[in-house]
Every structure is written in structure tokens, then in C-alpha cells.
Amino acid sequence: GDTLNYRLKWLFNTSVAGDIIADTGGFFKKAGLDVSVNEGGAGKNAIKELELGYANFGVASADQVIRALEKGADVVVLAQLFQVNPMQWIYRSDQPEIRELSDLKGRHIGVTFGGNDETIMNTLLAKAGFTSKDVRISSVRFDFTPFLKKEVDVWPVYRNSQGVILEERLAAEGEQVKFFNPADYGVAFVANSVVTSGTMLKKHPETVKAFMTALLSAWEFAVDPANEPQVLAQIKKKDKGTKNNIRQKQLKATRPLIKPDKGTKIGIIDVGAWQQTERIMIQEKQIVAPVDVTSRLVGPKK
Amino acid sequence: MLFRRIYQFLIVYCLGVTGLLAIKYATGLSNYVIPDLTLLFDTARRMLTGYFFDVLNTLSVTVLGQMVSIFMAFFVGIIGRKSSWLGSFIKVMAYNIQAYPIVALAPIIFILMGDGFLSRLLIASMICYFPLLLSVLGIMASPIKDIEHFYIATGRMRWQLEVKIRAFENLNKLTTVIAGSATLAMAGTIVAEFIAADQGVGYSIRIALYQSDLARILVALFSIGIIISVYQGILETVGEQIKTKWFAPKGGELL
Amino acid sequence: MLFRRIYQFLIVYCLGVTGLLAIKYATGLSNYVIPDLTLLFDTARRMLTGYFFDVLNTLSVTVLGQMVSIFMAFFVGIIGRKSSWLGSFIKVMAYNIQAYPIVALAPIIFILMGDGFLSRLLIASMICYFPLLLSVLGIMASPIKDIEHFYIATGRMRWQLEVKIRAFENLNKLTTVIAGSATLAMAGTIVAEFIAADQGVGYSIRIALYQSDLARILVALFSIGIIISVYQGILETVGEQIKTKWFAPKGGELL
Amino acid sequence: MRFECRDLTFTYPEADNPVLENLTFSMAAPGFNAVFGPSGVGKTSFARILAGGNSGPGGNALIYEGIATILYSYNQERLPGWANTGRHLEKVCPQKNSDLKKELVKIFKVEAFLGSRFSQLSMGQQNRMNLIRYLIQDFDLLILDESLANVDEALRETIILAIKEIFPAKLFLYISHNLMEVARFCKDILVLSRPGKNKGAVVVPGQNYETGYTADPQAIDRSMLEIMNAV
Amino acid sequence: MRFECRDLTFTYPEADNPVLENLTFSMAAPGFNAVFGPSGVGKTSFARILAGGNSGPGGNALIYEGIATILYSYNQERLPGWANTGRHLEKVCPQKNSDLKKELVKIFKVEAFLGSRFSQLSMGQQNRMNLIRYLIQDFDLLILDESLANVDEALRETIILAIKEIFPAKLFLYISHNLMEVARFCKDILVLSRPGKNKGAVVVPGQNYETGYTADPQAIDRSMLEIMNAV
Ligand SMILES: Nc1ncnc2c1ncn2[C@@H]1O[C@H](COP(=O)(O)OP(=O)(O)OP(=O)(O)O)[C@@H](O)[C@H]1O
Ligand SMILES: Nc1ncnc2c1ncn2[C@@H]1O[C@H](COP(=O)(O)OP(=O)(O)OP(=O)(O)O)[C@@H](O)[C@H]1O
Ligand SMILES: Cc1ncc(C[n+]2csc(CCO)c2C)c(N)n1
Ligand SMILES: [Mg+2]
Ligand SMILES: [Mg+2]
């Protein structure tokens, strides 16, 4: 039949291991599906592509989904890939450790203005009762030179991709790092999820089901430590630039984000976290009115 | 002139928005992909003033960046006009640096200069200077024999004079390019802000893009368009005055 | 000519790298901020071949994009050369579209047109055409009375002839600008790839940039520089031949 | 066919004084007539105002009777450089005038460099090539503003006589600094003198010699004297 | 002071035949000499080769004795447009020649338009303005390639006589199509005729009249005849 387009949120790298395996490992093919798995990136937006018909499935972060719903987009959430948001902050070990939110006081923190890390950090600061005078916030871009040059102390990263790269790169110069995870302080802002359009779900429920089954079993395969050599070999084909040892460590860091413990079913939707995410976005004035995101969560829920 | 520029811009802008709306309603897209007029006006009401000042902020860098560009273009153009080894070397250097997309050079610039005002200025100038350079090179490399002969023959030719003669004879072309380069400097500044700074309209666009908010981008483009039209209109008026007053051209040509 | 371009590029490149290394050792920056030579060579060994083919991929779009740009620039330049309302309108349109930084327009383009070859080509052309346009406009708007008078007086003047006369009299300037615009088209293509495509060296740079891997960026810049030098050397050689053969210029001037 | 000028005044935008002031005269056409006067008196200005017709700066001060098409040629014109001069000549030659073109090419002695680009010609060659392309057009009045200034005298005489012979029904206004030539070959000579001198414009008859003429030195001298007195 | 030319041959790169072939003559300097010949014979080419000196295309075929500085002026030169002609004249006038400049400005009748831009001048005015700036330079040989072609005859005579009077120690090469003028005012006239005719170059003596001369019509006629025979 027709090729199904699956638009990822980010570039091919280890943090999309399951998506790569679903394709190259033949999971889609076995399910009788012809799927083209397409790389994402800063200029890509899966939800818009769903509407324009360029994509049938996609990966989007929760804040994207909520924003799209506010503007009337017809999007539904099929699965929540990350149980733990990989959006964390890195800092050098020679700096005072951040044990509680009050330890953020006086730090020079990077945030991507307009990005979800801004929303998350603002929530954390509000929780700690800080005003903008208590910390120094700097605008962050895609490259982490200011962190490397020690101009900014606490830097936002995706724990399992840039987090690993930075950790390695600093280790090569004899520096150790720590990570600051918002989830440890009660902020569970949902990250990447698999989405499709409501129309797709209504018109082709079988296809959607087959797709999700194949995709999630590919993810199961990808995060199973027993399959590590095979999985790494598949990723390498798509992500040539990264060194082998980095890729291995990235995979290791990805597993607990996708499958925090043995019992967790991959893709399970954490409704409470979604509700919190919507609340946070209202509080932070990212949206004006509630969008009732729970009604759009159609996949298996916790 | 100025007035004409502005309403012509409004026509262009309205054409663009109408085109987008046509696509929206023809294919039934939601406000998330293409905003409707209500959303657009609402966004404009909320953001326009802010964006307006952002553009003015950008414009301040633009004006300086354009001056730096003009200076650099003339500098390189004048040195590079000769077909000597040095001339050709300077040209290769200027061309090569240009061939590197600024997005690739930006990290190096940030490493060297931080991400403050200077980086913005440098990137804006680098984007703007090259097109100027091409024109200046073309003009500076074409001798005007019937004027230059006397000065060469009597040993009076200096590079300043040569440059002056060729610039003057091509004043029309130069003013066209310089006035036109205003938009290049503006675009350059916005690109710089987009990749680096935390001020200016380029930065605002970056945020809007992060959130895939087309309405805000359209409002930002509107403020950019209005202000660039005014700026360019002023430049052109000044250019005309310089041409007619200062250089007192062939007034009242009968042919 | 070609050979000279290449070794001049090598000098420029080495100067750049030496400068970076000087800063590295002067301020004691670690390898992760500025790579040392070992890391640079190691990266080159791993990536150079791949980047080389990426640049060739980019070049294929560049060449096409340049042609489209030249066509667009002449099209708009010829229509916009008149100071009539339409001419001025077309000019405002061309200028305004230019003033919008492509980084702001690109996402709209990529969303509406998909992320294939066409988007890349369109963006590359949009970046490259404007500087060309400025030159073409300047040239096309300057009458050459001593040649044009006869054709106007005898009612023979057509726009094609007018364009031909002005282009021919400014052949030097035009070839300079067209050859120079090669690097603009290249930069434009890379920016397009950087923003959204999934092929070409711009895409590779984006990946390197997301990992702040300066060594890879430097290697990519090296491949870009070599190939653009060759491409431009070829363009210039062809340009020279066109000028000397086809147009049989004022051979053997005594003054 | 007649040409008249009534109270023509013209001042350049930035000038203090008019170049032409209350210029009034009339001239019968056809014929090979001249405009004569010292350097800077306003011959070129006058000629270009004429060429502008009633819609130009001359406006209603110019009265043309039976003169519809006016062409103005001058000695600094150039032909485009992309083809040789022969090709350009062909291109601008109306079908019906191709024999005329051939004839003129011979008389003007330009055959040898039809294959050259315009920029490769000597000044006199450029003058001739330019004039030929005007002569093969349709016109009622052709102004030659020093159009032959850089051609040698012998050839200039040949050319003038040929023009008079071939185009007996057309009006020419020949601008030249060669007094003798003007006195010999022109019919009516409009002599301009500086405004302010308030002499106005005088039309002096020339000897109007045709091919095969026998020169009458005294008559020529008389004409020359009359012209010089009018300046 | 002497000037000689031995076997000068020159062919334009793309041409089939040489413009100058085995040109051999010598000329005593100083004096107001001329180069004469029909249009296209090679006067301009010859003049420009001379101006190139021994390092130009003429090379060793040119022998200059006591002639160090050669200037070449022609009638299509322009002055830059950013200042009025008076300012330009001042700018290029060596300190010591400022009186000379004033004198020439008067004789050339250019006072009235020192305040105008070059492009606003009539052709003859442009010719004069251009020539003045050459005359106030230091030179041994000045070539005037139709430099006065667009000036009226009366003024041209005044100018030539003044030049002869003011610069008795310099060599001039005057190129003009006015046979009478050349015969009257020039000392030695190099007459060029087409190569191939194999006549070579002939130097004919002219009447070399000075200020206050009384014309001898028969002598002039004789010179003119001699020149025409040499062509
Ligand atoms: N564009 C202009 N602006 C102002 N004055 C001008 C302009 N063009 C010409 N003049 C002046 O008008 C006068 C007449 O000029 P014009 O060219 O008509 O003279 P002319 O009779 O053709 O002289 P010539 O024989 O030297 O060519 C001159 O004094 C000249 O300086
Ligand atoms: N650049 C050139 N290339 C080829 N041939 C040329 C070039 N310049 C001049 N010629 C030819 O050389 C010959 C002599 O030209 P030149 O200009 O020296 O003549 P001239 O004696 O000055 O004539 P005129 O009196 O018409 O100015 C002409 O036949 C001309 O066509
Ligand atoms: C898995 C994953 N890795 C990287 C990015 C890219 N990214 C988006 S924002 C940002 C900087 C911190 O906000 C970075 C690097 C992503 N989107 N998803
Ligand atoms: Mg005149
Ligand atoms: Mg000549």
C-alpha cells in the first residue's frame, strides 16, 4: 500500500534508537507496513506535517501538543516515549552540588528562551520562591561554547544525547560533571510522544494499531541490554559522525528514561504528568486557557 | 517616495498574507499551521509594540553594520581591484570567507568574541559586505580612459584619485547598491540575532519559531517590513539629494 | 589561475587555523573549545571523504541555484529598472522579500513545500539573487546615451536591445558579479541545508554544531573552501574566455 | 516644406543667462542648409531643441511645415560593440533602402572596415559609419552636428556632394566649424551669434555647389565675409 | 633637440595588414609641427605609439634627442565631474605655471565657464579646457590629436599663434584635418599615406606663420599642393 511517513522530532541519534530499529530492524515490515522514518530537527514540526499530509505519524513534545491543541489542531497522543524527561541541566562537579532547589541561588543558569527548558526552569524557580534577582539566567543556543568556556555554570542538555557527549568531552580533560534533573524536584514535564491526527485514528484504526505495536516492540528490542551490539550497529548506520563509545554510553543513558524499571510498559502515558504539564503551561502563560489535553491521550495510560 | 515605499510594502505584505489565507481555507488548515485573521490581529495587538521596538534595536545594529560593510567593501574592493598577486589574494580571501555560510562561522565568532553586540555587528557586516564588494570590485576594476589618461600621462595618478574617478562615474550604480544593501544589512543583523543574540527582532523570531507560532512571525515580518521601507526610503531620498545637490550633475540634458 | 586560487585558499585556511591555535594556546583553552592539531587531523581522517561528497552534493544545488538566481536577478532587474510605478513596485517587492531574513522564511517554505530538493533550491536562489539584482538594477538603470540615441530617435528601441546595450557596455562588472555570486549561491545552499535539509554539507555542519564539535566544522570548512575555489576558478576562466573570444573586445588598445 | 522659428528662448536649468534668446528666422526646405557660429554659441543646444520637436523644450516656438520626422546625429555617437559595423548597418537598414546603403558604403569609403568593431575604427571612420546609418532611415530633416568633424576634407566634400545629389528632397542642417566648406556647399546658413549681442539670427545664402561645380573664389569669399559679419 | 623614426612598423593584434609600415623620417625640434593624412591612415595610432616612448610598442624604432617628457592629448578626453573646470585646472597646475595658466585662460576664452562642470560645456569649450591643462604641464613634446577639432576657426588660429609664441622651445605635433591651417601655421608637416601605396612618409615644410603674419596666398597654395601630392 502507500508509504506511511513518520516524522521524528530530532536528528537520527541514539535517543531515537527504537525508531531506527523499527525501520532497519524490519519491525514495520514484519507488521506489513511500509514506513519511511524521517529525521526531525529545529525546522521540522511533526504536528504541522500531520495536518498538511506530509506525515502520518510523528514525534512531538508535550508542550508542542498542548500549543497545537490550543490553536485547534487535530492531534492525538498514541504513546509517551520518555517516562523521564531527558531535558536536564549539566554542571561541573567542582561546583557546589545542587541538592535542593535553593542551591540554585546565585547560579548562572542557561535556558533556551522559548524552549520547554525555559518553562521548566521558571516552574522550578517559582517553586523555590526565587525572583529573577536570585539567579542569573542566560540565553542558550544550540552550541555549548559558553558552558565549555565556563561562562555559564548550569547548562540545559538532553541527558542522553548532549549530556553524554559533554560528559565525555570534559572527562577527556579530567573534569567531572553532575546532572540536575527537574523530575527529582517534582516537576514532571512530559517530553517526546508519538502522535497522529484524529482523522487518521478514526479512518485507519487498524493501521494505527499495527504501527504502534511494531514501533513499541522495536523500542523494547532497542532498550534490551542483550541486543546492545545489534542496536548500536543499526544506529551507527544512521549516525555516522558519533564515536562508538559515545553511542554506547548514550544508549545506556537512554534506557532508564524510556523504561525506568522492568515493569514499565514502554509508551505508557502518564496522565498525571500530562495534567501537570498543562497546568504549568497555563501558569507560565504559555497558553491562555485549558485545552483538556487528557481527552487527546488515546494510547494506553498509567 | 517614502510614502510610496510604505504603501507598496503594505500591498506586498497583504498579498503574502492573502496567499497564505487562501492556502489555509482551500485545504482547511488549523490555526496552528496558518493563523486566521482574528488570531493574527490578536497577536498583533499583543506583540506589535514590542516587536516594533525590537526592530528599532535591530536597526541600530543594521545602520552601523551597513557602514562597516560599506567601508570593508571599499577597502577590499580597492585593494582587490588590481590583478596583481596581492590583489588576487585579497580577493580569494574575501571570497572564501564569504563562501563559508555564516551559520558555520558563527560558533568560531562566538568563541572569539562572545555573544554580545560585537558579534552581532560582525555577522551583520559579513553578510552585507560581500554583495557590496562584488559591485565595488566590478566598478573599481574598469578603467575610465578618457578621464584617467591625463592623470596617468602627467604622473598624477594616485589610487585615491583613481577610486574617486571610477566611483564618481558610477555614482548611479553605487547609490543603487548602497541603498539596496540596507536590506542586506537588516537581514544580516536578524540572522545574527537569530543564531546568537538575546536582543533584537531576530531573537524574537527565534522564540516564535521555537514555538512554531506563525502568527507571531508574520507580525514580526510586518514590523520589519515597515521599518525597512522607511529606512530605505530615507536612504534613497538622501542618495538622490547627494546626487543632485553635491555632485551637480548634467543638469538639463537635451538628449 | 585555477591553481593559484587553490593555493591561495590553502594560505587563507592555514592562516585561520593558525590564528585559532594561537588563541587556544595563548589563553589556555581546552581541546573541547578549540581542538589541537592532533584532534584536527584525526577528525579529518575520519570525516574528510564524507564531507567531500557532501560538498559535491551541495554544489549540484549551488550550480542550479546560481542559474535560477541569475535568471531572477535579470528578470526583476529588467522590469524594475524603470522608475515607473510598476518598476518601483517590483523593486519594493524584491527588496522586501530580501529584507526578511531567510531564517525566518525558511521554516514557512519548508513546511509548505516539504523538505525536498525544491526547498533547498528556492532558499539558495533567494539568498543569491539579491546581490545580483542590485548590480543588475544599477547597470540596467543607467542609460548609455551615445549608443542608445540612434535607436530611440529612429523608434527602434526595444527593451531587449536596451538591456543588451547596457549589459554589453558593463560586461566586466557583470562577469565579476556573476562569478562572485557563485560563493553566494554556495553559502545560500548551505544555509538552506543547515535549516532543514537532510543532505549536503550544511546538514553535516548542523550535526557538528549541535555537538559543538569545532574540529568537524573546521574540516567541513576545508572541503567547502577547496571545492568552491575550484568551481570559481573554472567560472572565471570561462568568463575570461567568453569576454575575449565571443565579444572580441577592443584588441590592442594603444592608450 | 518650410521651417520656422519664432521667438525661441532657452535657458539651461542652472544657468544665469539664456543660450538662445528670441531666436527668430525661417528657412525654406528642402536643401542642404547649415548652422554656423563660434564655439559655445549654442548650435548643439539649438539642434537638440529642434530634434525634440514641438513636444520638446522648444514647444510652439518651432513651426514645421511638411517636416514630420526629424533625426539628430552627432560626432560622438557609438555603435554597440557586440557585432561588426557591417552587421549593425544591415540590422538597421529598412528593406527598401538596401541599395541606398550599398551606394553610401561605397561613397563613404567604409567597405574596408565593415568587418571591424566600432571601437576599432579611427575617429573619421566612426563618423562616417554613424552617418550612414542615419541616412538610410526615413526622415524629413536630418541634423548633422559636427557629424563629419573628424573626416578629412577631401572625403567630406565627396560625401556632402553625394548627399545633396541623392537626397534632393530632404532638409539637412549641417553644423561645422569649417567656414569655407559651409560657404561653398550650403544653401542657407543660419548664423548664430552670442545672445546679448542682440544681433539675433541671420540667414546667409551660401554658394550651394553641386557635383561637378566650378568654384568661383570671389563668390565664395563674399559668402564667407557675409557669414563672418553675421557672427 | 631632434626626433627620428626608423623603420617603424605596427600592426593591430587582430588586423591583417599593418597600419604603419617601415615609417622612416626625422624632424628637427623645437617647432609647431603637424601630422597630416586622410581619415584612417594611422595618425592616431602613430601618435599613441610615439607617446608610449621607447618602452611602448614603438620600441627602438623611435629616437628622441633632447625629448624626455611626451604628452598626448586628444579631443575626446573628459575632466572629472565632481568639481567645476576652474577647480580642476587649479589642481593640476604646477605652482610655477600659475601665471601661464591665467594667460592661457584669457587667450583660450574660457573664463566664462571656469565655474561650470565639464559635462555642461560645448564641445569646443571642452576641447579648449582640456588643452589648457596639458599646456601648463612640463613637457618637451606635446601631441594634439584633433585636440582643437571642435573649436571655431578664428579662435583656433588665435590659440595656435599664442602657443607658438608662448612655447618657442617645445615640440608640438598637431593633428588636424584642416589643410589650410596646417599649411599656414606648421613648420614641418609629416604627411602619412596609406601603407601599401609604398610612398612612405614625407615631411613637407609649411609656412610656419607667427603672430602678426601677412598671408602669402600663393605660398600657402604651394604648401597645400605639396601636402596633397604627398598624401
Ligand atoms: N547641460 C548644460 N548646462 C548648462 N549649460 C550648458 C549645458 N550644455 C551646454 N551649456 C552651455 O550652453 C552654451 C552653448 O552650448 P552648445 O553645446 O550648444 O554650444 P555649441 O554652439 O554647440 O558649441 P561648440 O561649437 O563648441 O560645440 C555653452 O556656453 C555651454 O557652456
Ligand atoms: N584597436 C584597433 N584594432 C584594430 N584596428 C584598429 C584599431 N584602432 C584603429 N585601427 C585601424 O587602424 C587604422 C588607423 O586608425 P587611426 O585611428 O590611427 O587613424 P587616424 O589616422 O587617426 O584616422 P582619423 O583621422 O579618422 O582619426 C584604421 O583603419 C583603423 O580601423
Ligand atoms: C533528544 C533530543 N536531543 C536534542 C534535541 C535538540 N535540542 C532542542 S532544545 C536543545 C537545547 C536545550 O534546550 C537541544 C539541544 C532534541 N530536541 N531532542
Ligand atoms: Mg556643439
Ligand atoms: Mg585619429
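Reminder, nothing fancy here: chain letters follow the sequence lines and each chain counts from 1.
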For chain D, find which of E/Thr44, E/Asp145, E/Val151, E/Leu121 contributes the most heavy-atom pairs closer than 4.5 angstrom.
E/Val151
Please check if the distance between the ring centroids of D/Tyr174 and D/Phe36 is under 6.0 Å.
no
Please rank D/Arg156, D/Arg128, D/His177, D/Glu181 by heavy-atom pairs under 4.5 Å with chain E and give me the top one.
D/His177
Checking E/Asn178 against chain D: side chain, backbone, both or neither under 4.5 Å from a heavy atom?
both
Which of parallel (below 30°), tilted (30 to 60°) and perpendicular (above 60°) describes E/Tyr12 and E/Phe10?
perpendicular
Between D/Asn150 and chain E, which part of the residue has a heavy atom less than 4.5 Å away: side chain, backbone, both or neither?
both
Quick one: of E/Lys109, E/Gln125, E/Glu153, who has the most non-hydrogen atom pairs under 4.5 Å with chain D?
E/Glu153
Measure centre to centre between the rings of D/Phe3 and D/Phe25, then say whether the value is under 6.0 Å.
yes
Anything under 30° is parallel, anything over 60° is perpendicular, the rest tilted; go ahead and classify E/Phe139 against E/Phe167.
tilted
Heavy atoms of E/Val35 and E/Phe46 approach each other most closely as CG2-CE2, 4.2 Å
Taking the six-membered ring of E/Tyr74, is NZ or CZ of E/Arg48 closer than 6.0 Å to its centre and within 45° of its axis?
yes
Select one option (side chain, backbone, both, neither) describing which atoms of E/Glu146 are under 4.5 Å from chain D's heavy atoms.
side chain
Under a 4.5 Å heavy-atom cutoff, which of E/Gly124, E/Ser39, E/Ala15 has the most pairs with chain D?
E/Ser39
Counting distance only, does the side-chain N/O of D/Ser223 pair as donor-acceptor with the main-chain N or O of D/Gly206 below 3.5 Å?
no
Proximity breakdown for E/Ser122 and chain D, heavy-atom pairs closer than 4.5 Å:
side chain
Using a cut-off of under 4.5 Å for heavy-atom pairs, which of D/Gln76, D/Lys43, D/Met180 has the most such pairs with chain E?
D/Gln76
